[in-house]
Number of protein chains: 2
Amino acid sequence: MVSPRKYHHGNLKEAFLEAAREVLEADGLTGLSLRKTAEKIGVSHTAPKNHFGSMSGLLTALVTQGYAELADYMVADETAGADRCARRGTALAGYVDFATANPALYELMFARDRLVNDDPDLMREVGACFSILADVAKDLGWHTGPAEVVTGKSQIALWSFVHGYAQLITAGRFKKDNMKNLSVLDILPAISAKIPPDTPE
Amino acid sequence: MVSPRKYHHGNLKEAFLEAAREVLEADGLTGLSLRKTAEKIGVSHTAPKNHFGSMSGLLTALVTQGYAELADYMVADETAGADRCARRGTALAGYVDFATANPALYELMFARDRLVNDDPDLMREVGACFSILADVAKDLGWHTGPAEVVTGKSQIALWSFVHGYAQLITAGRFKKDNMKNLSVLDILPAISAKIPPDTPE
DNA sequence: CGAATATATTTCCACTGTAAATATTCTGGT
DNA sequence: ACCAGAATATTTACAGTGGAAATATATTCG
């Protein structure tokens with residue numbers, strides 16, 4: 001068990017994940033296949049069945065890994081002890097950085113059809129990402145009401161905003177001449193609504 | 001040319017689009033196939049090639065239709081002449097309604113890999129949707145700067161927010177107990193940032 | 001050393017999109 | 001009315017896909 005190489009290939013699971021991720025970003029989501037990935041590391045196309053069960057299992061493992069990395073992008077060492085506003089800036093900028101660095105994986109992370117959405121590992125990593133956003137969303141929002149309700153709304157609102165921005169960027173839905181030298185941190189204040197929930201002006 | 005039925009099938013193009021859409025929402029994006037759709041309306045599986053070219057062409061046509069319908073959802077007759085705040089409420093609520101009513105199609109509308117993204121019809125319909133959002137975003141934002149810059153940012157910000165909300169809802173990324181009796185209009189004010197653009201605290 | 005387990009392969013199958021050749025139907029000109 | 005050409009749809013064939021089942025091989029443990 002101390003030997004790095006075990007069984008036939010060694011630790012096929014990690015190797016397969018790594019290879020699948022390369023294929024994913026190189027050939028896109030439609031170009032990813034078990035057979036192509038298997039050939040890349042010299043195993044048969046049914047080898048991953050022992051480790052992932054099926055294609056859905058492989059994609060779920062990839063996505064779980066993706067959420068874990070996304071969490072890393074959102075917390076930078078420099079701003080670990082800083083105030084919430086600085087941490088929010090780090091989290092949002094890191095979020096978008098991850099998405100633009102891994103666009104195909106990022107798209108897969110929100111697929112409705114291809115993942116095992118009740119996978120406990122996946123749910124845990126999703127929850128970890130949401131917790132980070134929940135923290136930096138705490139002093140947003142001017143809406144009246146019980147504190148926990150306002151906080152809950154702000155979490156939802158902030159994740160909605162940053163996810164939408166990241167996906168629209170990576171999907172190419174924004175015209176590039178609108179985006180010159182603008183980061184997500186420049187965009188966020190622009191949605192601050194003056195529209196009142198009840199009081200006008 | 002006055003006869004409703006032409007050629008072998010009639011207007012196969014529209015029939016195929018309709019059938020494909022049914023398969024899409026019934027069996028999901030992974031369950032949609034040319035063969036299944038063709039069998040549904042009793043034609044060979046290569047028949048759509050004349051009308052759509054390839055699978056990408058079919059999906060692009062579906063998505064183009066989707067953007068057109070999304071625009072309809074965003075403009076309600078009742079609020080056509082109302083003030084911008086009312087129109088914004090209609091647009092945002094309609095946007096989310098469309099996404100929740102057509103979740104599989106909505107996901108496809110932002111796919112990076114499967115569409116002919118430079119298709120002129122598609123670009124036109126995407127632009128129409130963006131224009132509607134641009135209109136109702138005009139009085140958002142408190143950031144200083146030239147008016148058109150602020151407006152441009154608000155358009156991007158508002159689309160980011162509402163798209164993110166719609167996708168996270170349809171992808172099941174929000175826990176349901178957080179979402180009780182909340183609509184997108186309740187969430188929007190919660191992101192209004194008190195964070196300063198340049199001055200701390 | 002041997003049994004049990006974990007890991008990987010081989011083989012086979014149903015299904016997919018696409019290309020090419022063929023057949024059928026419609027259209028427009030004379 | 002007729003015929004040529006275009007538009008439309010079918011047939012056939014092919015390479016690729018994921019998955020199931022049986023088999024082979026390596027590891028682990030008693």
Side-chain angles (χ1 to χ4, degrees), chain A residues 1-24 26-63 104 108 111 113-116 119, chain B residues 1-24 26-63 104 108 111 113-116 119:
Chain A
M1 65 158 64
V2 288
S3 167
R5 293 203 154 247
K6 313 194 298 187
Y7 308 115
H8 301 160
H9 170 275
N11 47 0
L12 180 61
K13 187 167 185 175
E14 294 178 18
F16 210 91
L17 276 174
E18 183 180 341
R21 183 127 171 216
E22 289 172 9
V23 175
L24 175 62
D27 302 347
L29 192 47
T30 61
L32 175 61
S33 74
L34 293 177
R35 295 176 117 100
K36 195 190 293 181
T37 307
E39 192 198 16
K40 195 177 173 75
I41 57 179
V43 296
S44 72
H45 79 280
T46 55
K49 187 163 195 178
N50 296 307
H51 301 280
F52 304 106
S54 69
M55 187 69 178
S56 302
L58 170 65
L59 297 181
T60 302
L62 279 171
V63 162
L108 187 60
D113 213 28
R114 316 179 80 98
L115 308 178
V116 185
D119 180 89
Chain B
M1 66 159 61
V2 289
S3 167
R5 291 203 155 249
K6 313 193 297 186
Y7 308 116
H8 301 160
H9 170 275
N11 47 359
L12 179 62
K13 188 167 186 174
E14 295 179 17
F16 210 91
L17 276 174
E18 183 180 341
R21 184 129 173 215
E22 290 173 9
V23 175
L24 175 62
D27 302 345
L29 191 47
T30 61
L32 175 61
S33 75
L34 293 177
R35 295 175 118 99
K36 196 190 291 182
T37 307
E39 192 197 17
K40 195 178 173 74
I41 59 179
V43 298
S44 75
H45 76 283
T46 55
K49 184 162 196 181
N50 295 307
H51 302 280
F52 304 105
S54 67
M55 187 68 179
S56 302
L58 170 64
L59 297 181
T60 302
L62 279 172
V63 161
L108 187 60
D113 213 27
R114 317 178 81 96
L115 308 178
V116 185
D119 180 270

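Below, read A as the first sequence line, B as the second, and so on, with proteins coming before strands; counting in each chain starts at 1. We use all heavy atoms of the structure for the numbers below, so side chains are in, but hydrogens, waters and symmetry mates are not.
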Hey, could you give me the [atom1]/[atom2] distance between [X] and [Y], rounded to the nearest 0.5 Å?
X: B:Asn11; Y: B:Glu18; atom1: CG; atom2: CD; answer: 10.0 Å
X: A:Glu22; Y: A:Leu32; atom1: CD; atom2: CG; answer: 11.5 Å
X: A:Lys36; Y: A:Leu34; atom1: NZ; atom2: CG; answer: 11.5 Å
X: B:Phe16; Y: B:Asn50; atom1: CZ; atom2: CG; answer: 11.0 Å
X: B:Leu24; Y: A:Asp113; atom1: CG; atom2: CG; answer: 9.0 Å
X: B:Ser44; Y: B:Glu39; atom1: OG; atom2: CD; answer: 12.0 Å

Worksheet item: So do A:Leu58 and A:Leu17 actually touch side chain to side chain, heavy atoms under 4.5 Å?
Response: yes
Worksheet entry | Which residue lies more 5' along DNA chain D, comparing B:Gly42 with A:Gly31 via nearest heavy atoms | B:Gly42
Rounded to the Å, how far apart are [X] [atom1] and [N] [atom2]?
X: A:Glu39; N: D:dG16; atom1: CD; atom2: C1'; answer: 12 Å
X: B:Asn11; N: C:dC26; atom1: CG; atom2: C1'; answer: 15 Å
X: A:Met55; N: D:dG18; atom1: CE; atom2: P; answer: 5 Å
X: A:Asp27; N: D:dT17; atom1: CG; atom2: P; answer: 11 Å
X: B:Leu34; N: C:dG17; atom1: CG; atom2: P; answer: 4 Å
X: B:Phe52; N: C:dT18; atom1: CZ; atom2: P; answer: 13 Å
X: B:Arg35; N: C:dT16; atom1: CZ; atom2: C1'; answer: 6 Å

Discussion item. Under 4.0 Å, heavy atoms only, any strand: does B:His45 hit a base, just the sugar-phosphate, or nothing?
Written reply: base
Discussion item. Categorize A:Ser44 for me: base, sugar-phosphate, or nothing, with a 4.0 angstrom heavy-atom threshold over every strand shown.
Written reply: base
Between [options], which nucleotide has the shortest distance from any of its atoms to the side chain of [X]?
X: A:Thr46; options: C:dT7, C:dT10, D:dT10; result: C:dT10
X: B:Asn50; options: D:dA9, C:dT18, D:dG19; result: D:dA9
X: A:Lys49; options: D:dA20, D:dA9, C:dT16; result: D:dA20
X: B:His51; options: D:dG18, D:dT8, C:dT16; result: D:dT8

Practice prompt. Map B:Ser54 and A:Ala47 onto DNA chain C by nearest heavy atom, then report which one ends up closer to the 5' terminus.
Written response: A:Ala47
Fill in: Near-strand residues of residues 13-23 of chain A, defined as heavy-atom separation under 4.0 angstrom from DNA chain D
none
